[in-house]
Amino acid sequence: MSLDQVLQTAEEAFHTYKKTPAQVKANFLRAIATEIESLGEELLQVASQESNLPLARLTGERGRTMNQLKAFADLLEQGGWLEATIDPALPDRKPLPRPDLRRMLFPLGPVVVFGASNFPLAFSTAGGDSASALAAGCPVVYKEHPGHPKTSQMVFGAIQQALGSCGLPAGLFQHVSGGIEVGQELVKHPKTKAVAFTGSYKGGKAIFDQACQREQPIPVYAEMGSINPIFVLPEKAEAETTTLAEQAAASVLQGVGQFCTCPGLVFYPQSTTTEAFLDLLSQKLGESAGDKMLHEGISRNYYQGLTRLLTESGVETLVTAEEDVLTGHAALARTNVQEWLKNTALQEEVFGPFTLVVTYNDMVELEQAAEVLQGQLTCTIWGTTTELAAAGNLVDTVREKCGRLLFSGVPTGVEVSPAMTHGGPFPATSDSRSTSVGTNAIKRFARPITFQSAPQDLLPDELKDQNPLSIWRTVDGQFTKDPI
């Protein structure tokens, strides 16, 4: 089937699916989860062979994938995500009457989803982008990631089974393979209404630029990477030197550094504990034997990125990573805040088990660094209760630079919940208003429409006076399920 036919089929499926009751859509999402579970250990074995990820990690990722689907199913049954809002007419209002206004969210249309290399299940075929688009009422055209084609085909088969068991059109979810040219054609196709992408800055920015150059531009929700800085405040550094070094090392090493939330930058105070912190961090990273990365391309890019950064002026290598075709070895470097401030290359992501420690002398320098920091998925501030209470300026500045702000723990690990924001200002993502994790991800693929003075029989059920679906909605400023 040509890409024209794929998108035409998706558009035809959209006309059916957007009229499908929410309960049927919820059943479909749960059916996908059930079918994925039925693939059993074979799916995990194949995914491990293709991605070099351990079975334990993939078992957790499969669970996350299934739970995401079920969470969106629950959301559809509740109905509140539609933001159904009714402002009844006020014909006697002075000086002007108010017309009857009714607003809710509606699906955009066919969505192109690009799979991610580092999450072959949770951010790929039936991952969060696909799940949220389907939940919103949009067909999905999924562009397979070349790093795990067999895994992708197996999950696609599970989705096909779910489509059949729920009596939904096959065109609702389609799977395509191919290189860069295929991806470009999908983005440029006039029937594509939105794009979701997780990957590199280079890839995401290219997709975003293409979408903006279309005759009819479309939204692109691209997660493009982040160095996820940790700001360590002086009193915390003094009191918990060992613990902080161990936490940082564990986070950098997790998954061979192949998490988009890996902390690639640590601001640490120049003090009596600096060398102890660096020595322990060096020890923990240096002791790591390394592990296989996702594929040779990821490994090659990691070592090339390391070489570029470690040869920048003012950067001292503390732990050297011996280049390997596939194994990612940890690396560590240090510099000072003045060198870091004058060199934007030191803000570039090195995707792998690496971090750069930047020493600073006082809060003035730390706040200067926060001011010039580029957009991030996460930022972390480690401080004592007293320090945090006095760090209002730093907190306010850092808050504007990220989608998730942590005050304890490490950024690796993203909870799938309604309160989660997995996004951030450019260049971390192409749209800082969105999240790709959690149930609010559904809103990326919907747009608001307001009905003014519409007859009851022309309104969607969610906006009718009697509320036949019994969903939560806002009526004249009150959140209620009651009819008008």
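Counting from 1, the numbers follow the sequence of the chain as shown.
In this structure, T397 contributes its side chain and E371 its backbone to no donor-acceptor pair below 3.5 Å. Between the side chain of W81 and the backbone N or O of L105 there is no donor-acceptor pair closer than 3.5 Å. In this structure a side-chain-to-backbone donor-acceptor pair under 3.5 Å is present from Y17 to L134. Distance alone, capped at 3.5 Å, places no donor-acceptor pair between the R62 side chain and the T59 backbone.
Of the inter-residue distances, the one linking H422 atom NE2 with C260 atom SG reads 3.5 Å to the nearest 0.5 angstrom. The distance from atom CD1 of I230 to atom OG1 of T355, rounded to the nearest 0.5 Å, is 7.0 Å. Note: R404 CZ to T435 OG1 = 9.5 Å, rounded to the nearest 0.5 Å. Separation of atoms CE (M293) and CG (L326) is listed at 8.5 Å; rounding is to 0.5 Å. For the atom pair L294 CG and N118 CG, the distance stands at 6.0 Å (nearest 0.5 Å). Distance CD1/I32 to CG/N27: 11.5 Å, rounded to 0.5 Å.
Residues H175 and S152 bring a donor and an acceptor atom of their side chains to less than 3.5 Å of each other. For the residue pair R102 and T85, no side-chain donor N or O sits within less than 3.5 Å of a side-chain acceptor on the partner. Checking Q456 against D465 by side-chain atom types alone, a donor-acceptor pair falls below 3.5 Å. Donor-acceptor pairing under 3.5 Å is recorded for the side chains of Q254 and T412. There is no side-chain donor-acceptor pair under 3.5 Å between N52 and H295.
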Check against salt bridge (Lys or Arg N to Asp or Glu O under 4.0 Å), D209 and R214: CA-CA 9 Å; D209 290 344; R214 290 173 32 137; over 6 Å; no
Worked check of side chain to side chain contact (heavy atoms under 4.5 Å, CB included) between L373 and Q347: CA-CA 8 Å; L373 186 69; Q347 294 203 48; 3.7 Å; yes
Worked check of salt bridge (Lys or Arg N to Asp or Glu O under 4.0 Å) between R300 and E296: CA-CA 6 Å; R300 182 170 55 252; E296 290 185 10; 5.0 Å; no
Derivation and outcome, side chain to side chain donor-acceptor pair (under 3.5 Å), residues S177 and E144: CA-CA 5 Å; S177 305; E144 169 193 283; 3.3 Å; yes
Derivation and outcome, salt bridge (Lys or Arg N to Asp or Glu O under 4.0 Å), residues R98 and D476: CA-CA 12 Å; R98 182 177 77 184; D476 207 13; 3.4 Å; yes
Audit row: F197, D129, side chain to side chain contact (heavy atoms under 4.5 Å, CB included) steps and yes/no: CA-CA 8 Å; F197 170 89; D129 288 334; over 6 Å; no
CA sep, side-chain torsions, deciding dist, call: T192, L7, side chain to side chain contact (heavy atoms under 4.5 Å, CB included): CA-CA 7 Å; T192 299; L7 268 302; 3.5 Å; yes
Evaluation steps, side chain to side chain contact (heavy atoms under 4.5 Å, CB included), between L459 and F451: CA-CA 8 Å; L459 288 169; F451 295 81; 3.8 Å; yes
Worked verdict on N228 versus S226 for side chain to side chain donor-acceptor pair (under 3.5 Å): CA-CA 6 Å; N228 308 293; S226 176; 2.9 Å; yes
Worked verdict on D4 versus K191 for salt bridge (Lys or Arg N to Asp or Glu O under 4.0 Å): CA-CA 9 Å; D4 273 337; K191 294 189 185 302; over 6 Å; no
Steps toward ring-ring contact (aromatic ring centres under 6.0 Å, His included) verdict (F259, F119): CA-CA 9 Å; F259 284 84; F119 281 85; 5.7 Å; yes
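Aromatic rings from W472 and F479 are positioned such that their centres are separated by under 6.0 Å. Ring centroid separation for the pair F267 and W340 comes in under the 6.0 Å cut-off.
Counting heavy atoms from C-beta outward, S48 and L53 have side chains that stay 4.5 Å or more apart. With contacts defined as side-chain heavy-atom distances shorter than 4.5 Å, the pair T380/F407 does not qualify. At a threshold of 4.5 Å between non-hydrogen side-chain atoms, the residues Q8 and E11 count as touching. Side-chain contact check for F28 versus L163: some heavy-atom pair is nearer than 4.5 Å. Contact check for Y302 versus P353: side-chain heavy atoms found under the 4.5 Å cut-off. The closest side-chain heavy-atom distance from S132 to F445 is below 4.5 Å. In this structure the side chain of P219 reaches within 4.5 angstrom of the side chain of L108, judged on heavy atoms.
Aromatic ring orientation, Y142 versus F173: parallel (interplanar angle below 30°, classes split at 30° and 60°).
Between K150 and E50 there is no salt bridge, since no side-chain nitrogen of the basic residue lies less than 4.0 Å from a carboxylate oxygen of the acidic one.
For the pair R64 and F123, the NZ or CZ position fails the cation-pi test of under 6.0 Å to the six-membered ring centre and within 45 degrees of the ring normal. With a 6.0 Å cutoff to the six-membered ring centre and a 45° limit on the axis angle, K18 does not count as a cation-pi contact of F106.
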